[in-house]
Amino acid sequence: MPALKNEVIPYLENMIYLPMILTILEKDRLLIQNGKFKLKKPYLGLLDGVTKHVHKELGNTAAYLRMNQITVIRGKMDDIFTEYIFLHDHQEERRRYLNVRLRNRTEELLTQYLRQPGS
């Protein structure tokens, strides 16, 4: 398969990172909801706003990939790497991502979403 076009890469990576961010937000929401916070509402409101924003971006990403007939599948995982398979035009490209890199990039993106005004 010819190399993926540069314009497609951000969408492919969104399909990797955005679901991870949603999982983290969901787990953190439960921790706050069940935790011993005096004022839970501001934290829950922040998380709900960010979750809504991330869901919207994930929907836009999924629509773009559907329109361009591109599929992202998580492949093999081990302690060091996670493989992702990108399918397009009946061909596939496999890429391996360092798990540490996935975690660090997810944290960077989560920080950006939390800092965005009006999330």
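Heads up: numbering here begins at 1 and tracks the sequence.
- One finds the CD1 atom of Ile85 at 4.0 Å from the CZ atom of Arg94 (value rounded to the nearest 0.5 Å).
- In this structure, the side chains of Thr51 and Leu22 come closer than 4.5 Å at one or more pairs of heavy atoms.
- Two different hydrophobic clusters hold Leu31 and Val54 under the rule that ILVMFWY side chains link at heavy-atom gaps under 4.5 Å.
- For Leu98, the side-chain contact (heavy atoms from CB on, under 4.5 Å) partners at least two apart in sequence or on another chain are Ile80, Phe81, Arg101.
- Evaluation of the side-chain contact (heavy atoms from CB on, under 4.5 Å) rule for Asn60 yields Lys56 as partners, not counting sequence neighbours.
- Residues that satisfy the salt bridge (Lys or Arg N to Asp or Glu O under 4.0 Å) test with Arg74, not counting sequence neighbours, are absent from this structure.
- Remark: Asp89 CG to Gln69 CD distance equals 7.0 Å, nearest 0.5 Å.
- Summarising the local packing, CD of Glu107 is surrounded by 12 or fewer heavy atoms from other residues, nucleotides or ligands at distances under 6.0 Å.
- Separation of atoms CD1 (Ile32) and OH (Tyr43) is listed at 8.0 Å; rounding is to 0.5 Å.
- Asn6 CG: 12 or fewer foreign heavy atoms inside a 6.0 Å radius.
- Checked by atom type and distance alone, the side chain of Lys40 pairs as donor or acceptor with a backbone atom of Gln33 at under 3.5 Å.
- No path of Ile, Leu, Val, Met, Phe, Trp and Tyr side chains, each step under 4.5 Å between heavy atoms, connects Met77 with Met20, placing them in separate hydrophobic clusters.
- Under the rule for a side-chain contact (heavy atoms from CB on, under 4.5 Å), the partners of Tyr64 that lie at least two apart in sequence or sit in another chain are Glu7, Val8, Tyr11, Met67, Asn68.
- Considering Asp79, Asp78, Thr82 as possible partners of Asn99, the one that fulfils the side chain to side chain donor-acceptor pair (under 3.5 Å) test is Thr82.
- With sequence neighbours left out, the side-chain contact (heavy atoms from CB on, under 4.5 Å) criterion links Ile24 to Asp28, Thr106, Leu110.
- With rounding to the nearest 0.5 Å, the separation of CG in Leu46 from CG in Leu25 is 9.0 Å.
- Here Arg105 pairs with Glu108 in a salt bridge; the nearest charged N to carboxylate O distance falls below 4.0 Å.
- A search for salt bridge (Lys or Arg N to Asp or Glu O under 4.0 Å) contacts involving Glu57 returns nothing, not counting sequence neighbours.
- Heavy atoms from other residues, nucleotides or ligands lying under 6.0 Å from NZ of Lys52 number 12 at most.
- Under the 4.5 Å side-chain criterion, counting only non-hydrogen atoms from C-beta, Leu18 is in contact with Tyr113.
- For the atom pair CD1 of Ile16 and OG1 of Thr61, the computed distance is 11.5 Å after rounding to the nearest 0.5 Å.
- Distance check, rounded to the nearest 0.5 Å: CD of Glu93 to CZ of Phe86 gives 7.0 Å.
- For CD of Glu26, the number of neighbouring non-hydrogen atoms (other residues, nucleotides, ligands) closer than 6.0 Å is 12 at most.
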